[in-house]
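In each ligand, atom 1 is the first atom listed, and ligand 1 is the first ligand listed. What's counted below: heavy atoms across the whole structure, side chains too, no hydrogens, waters or symmetry copies.
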Amino acid sequence: MQRQYEPLREAIRAAIDRVCESGRFILGPDCEQLEKGIAAYVGVKHAVACASGSDGLLLALMALGIQPGDEVIVPSFTFFATASAVSRLGGVPVFVDIEPRTFNINPDLVEQRITSLTKAIIPVHLFGQCADMPAIRAIAADRKIQVVEDAAQAIGATCGDRSAGSMGEIGCFSFYPTKNLGAFGDAGMLTTDDDDLAARLRLFRAHGMEPRYYHKVIGINSRLDSIQAAILNVKLPHVNRWAQLRRANAEFYTELMTECGLDRILTLPVAAPGRRHVWNQYVIRVPNGRRDALRTHLATAKIGTEIYYPVNLHEQECFRSLGYGAGSLPESEQAAREVLALPIFPELRVVEQRAVVTRLAEFFGTAKPASPASVKRPKFLDRQAETRVEKRA
Ligand SMILES: *Cc1c(COP(=O)(O)O)cnc(C)c1O
């Protein structure tokens, strides 16, 4: 985080200063600029800023008119907010299993769970890779079911020629600090091509109020802070380069691990054909119950890893009443036991990646990465950016 802040420090501080001088701290011109910037980036007509990605999901379902008893199909192997938005409106999350290679919702299984009560599907573009949107769109269009994309981890990802957030009725983005475009606090954004939906989202995010103190619908307070918007406006022009660096880091991990033969022990993540993966996370699978021991081994070398997600939503205490037992979503449950996310941020250094793979090789007793001189440079690396990163190393 510090490595990204350093080169942007002056621009960010100046942006914060401008907001302080303006005295306008909620919504306002900085938010409007961000909305325009994101709409153009995603390739949609409208973007509506809100206070977080979680609020974005809730607002999307409010704008689509989700009512108590309505069913909404979601993956279980995802962050909590994907499903809690449904429950908070009295809807019923219907959990569906994933495709093991992409970790994304399995469209064939989606189809099996559709009933007369199904109102929406929320595919999640997990770890920065789009779900199978053509298949999901086809299932939804046949039955007039709405699609809300949870694109919280996937800004800039594509599926065919479409961007994440432009393939459903509404796209939801999060600018939580660890996302590919991260604010200095909570922030979120909704995207849509539909004029009426955009107007409803604006209404719902500000107490359903229009004009002032006249309330048309029961909305919530989910306005975006101007300071967060100003910071995001500084960062947005860099988001493609950061994605490129993340991709280069992912390729380099895969190359190093393959060189060591670790690809025969671990399952390495893949980008599905025709999809641009933006690598919010690089998630390996560790088989045979050795994941937690590996994590401890890496931690002793001060290598921070994370488990997204250790417990599926269908097995969470708060969703127990929905009646999904252990074994009901086998691929999701296996993923929860095996996944481990390695450091992948754009400013990660080549030496650091080598250190991570060296520790992995140590743990599994494979060959270690060859000496640095013989290691090829990552193919997709933006040379200019790399030089900058290496200089600071
Ligand atoms: C981060 C995230 C959210 C929630 O976003 P916040 O801004 O933290 O509220 C929702 N869904 C997924 C898949 C996420 O990763």
Notebook entry, point to check: Are any of the side-chain nitrogens in Glu35 or Arg202 under 4.0 Å away from the carboxylate oxygens of its partner?
Noted result: yes
Polar pairs, ligand 1 vs protein, N/O only, below 3.5 Å.
unit_1: ligand 1; atom_1: 5 (O); unit_2: Ser174; atom_2: OG; d: 3.2
unit_1: ligand 1; atom_1: 7 (O); unit_2: Gly53; atom_2: N; d: 2.8
unit_1: ligand 1; atom_1: 7 (O); unit_2: Ser174; atom_2: OG; d: 2.6
unit_1: ligand 1; atom_1: 9 (O); unit_2: Gly53; atom_2: N; d: 3.4
unit_1: ligand 1; atom_1: 9 (O); unit_2: Ser54; atom_2: N; d: 2.8
unit_1: ligand 1; atom_1: 9 (O); unit_2: Ser54; atom_2: OG; d: 2.5
unit_1: ligand 1; atom_1: 11 (N); unit_2: Asp150; atom_2: OD1; d: 3.3
unit_1: ligand 1; atom_1: 11 (N); unit_2: Asp150; atom_2: OD2; d: 2.8
unit_1: ligand 1; atom_1: 15 (O); unit_2: Gln153; atom_2: NE2; d: 2.8
unit_1: ligand 1; atom_1: 15 (O); unit_2: Lys179; atom_2: NZ; d: 2.6

Note to self: How about OH on Tyr176, more than 12 heavy atoms from neighbouring residues, nucleotides or ligands closer than 6.0 Å, or not?
What the structure shows: no
Item checked: Backbone of Ser166 reached by a side-chain donor or acceptor of Ser163 within 3.5 Å -> no
Notebook entry, point to check: For Asp30, what residues pass the side-chain hydrogen bond (donor to acceptor under 3.5 Å, both in side chains) criterion, not counting sequence neighbours?
Noted result: none
Checklist line | For Lys45, the option from Thr192, Asp194, Asp195 that meets side chain to side chain donor-acceptor pair (under 3.5 Å) | finding: Asp195
Item checked: Nearest atoms (heavy-atom pairs only) where Gln129 meets Arg275 -> OE1-CB, 4.3 Å
